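What follows is a short report on a single structure.
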Amino acid sequence: MMSQHMQDKALEGGVITDRLATDKLTTDKLTTDKLTTVLRVEALAAFVLATLMYAHTDGSWGWYFALILVPDLSMLGYLINNRVGAICYNIVHSYVLPMLCFIAALILNISLLEWLSLIWLAHIGLDRTLGYGLKYASGFANTHLGIAIKKAQTN
């Protein structure tokens, strides 16, 4: 075990000590937890806003509930491999495409596209509220919001 003086000297030489690594992980975890909470609250706001906007259209609630999970078909990319799965999932679960579709629907006055865009936006907001964020290629559970699926702990 290194003395505090030796640890400080090691730091000067660019070596990371156990103490520093532990402190950094603790700080990063606290910061990450707070940021994740903010991102999930924003996602909840997106879900609620998209759903309220849908409520002000004459779209069918039957179709809303029937289509709300359709974007999850993008997970089929994981049947190929994690990288393809993450790319497919992230393309469909980014806010950009449904927002562009919604803008196009307003400009072109296409109600069906407006409804589908709002359902799509609501889906993304709901997913992120529940902790299912954009995926890393390392696996489905690794997201920008942290680990989405925690393994059951066995004693």
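Source: prediction; values computed, not measured.
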Spatial distance of atom CD (Glu42) from atom OG1 (Thr129) [nearest 0.5 Å]: 10.5 Å

Shared hydrophobic cluster, Phe65 / Phe47 (ILVMFWY, side-chain heavy atoms < 4.5 Å): yes

Single-linkage hydrophobic cluster, 4.5 Å side-chain cutoff, Ile103 and Ile124 together: no

Sequence neighbours excluded - side-chain hydrogen bond (donor to acceptor under 3.5 Å, both in side chains) pairs with any residue from residues 105-118: Thr57-Trp115

Sequence-distant partners of Leu52, side chain to side chain contact (heavy atoms under 4.5 Å, CB included), two or more places apart: Val48

Separation between CG of Leu39 and CG of Leu44, rounded to the nearest 0.5 Å: 12.5 Å

Qualifying residues under side chain to side chain donor-acceptor pair (under 3.5 Å), relative to Thr51, sequence neighbours excluded: Tyr64

Verify same cluster id: Trp120, Ile87 (apolar side-chain graph, 4.5 Å): yes

Transitive ILVMFWY side-chain link Val70 to Leu112, under 4.5 Å: yes

Shared hydrophobic cluster, Tyr54 / Leu106 (ILVMFWY, side-chain heavy atoms < 4.5 Å): yes

Worked check of side chain to side chain contact (heavy atoms under 4.5 Å, CB included) between Leu67 and Leu116: CA-CA 8 Å; Leu67 298 174; Leu116 294 174; 3.5 Å; yes

Kindly list each side-chain donor-acceptor pair under 3.5 angstrom involving residues 90-102, sequence neighbours excluded, with atom names and distances?
from: Asn90; atom 1: OD1; to: Lys135; atom 2: N; distance (Å): 2.6
from: Asn90; atom 1: ND2; to: Ala86; atom 2: O; distance (Å): 3.2
from: Asn90; atom 1: ND2; to: Lys135; atom 2: O; distance (Å): 2.8
from: His93; atom 1: ND1; to: Tyr89; atom 2: O; distance (Å): 3.0
from: His93; atom 1: NE2; to: Asp72; atom 2: OD1; distance (Å): 3.2
from: His93; atom 1: NE2; to: His123; atom 2: NE2; distance (Å): 2.9
from: His93; atom 1: NE2; to: Asp127; atom 2: OD2; distance (Å): 3.2
from: Ser94; atom 1: OG; to: Val96; atom 2: N; distance (Å): 3.4

Value rounded to 0.5 Å, distance of CG in Leu134 from CG in Asn142: 13.0 Å

Least distance between heavy atoms, Leu113 atom then Ala104 atom: CD2-CB, 4.3 Å

Interatomic spacing from CD1 in Ile68 to CH2 in Trp63 - rounded to 0.5 Å: 14.0 Å

Ala43 to Arg128 - nearest heavy-atom pair and separation: CB-CB, 3.4 Å

Side-chain hydrophobic cluster, 4.5 Å single linkage: members besides Val38: none

Show me the donor-acceptor pairs, under 3.5 Å and distance only, between side chains in residues 74-83 and residues at least two apart or in other chains.
from: Ser74; atom 1: OG; to: Pro71; atom 2: O; distance (Å): 2.8
from: Asn81; atom 1: OD1; to: Arg83; atom 2: N; distance (Å): 3.0
from: Asn81; atom 1: OD1; to: Val84; atom 2: N; distance (Å): 2.8

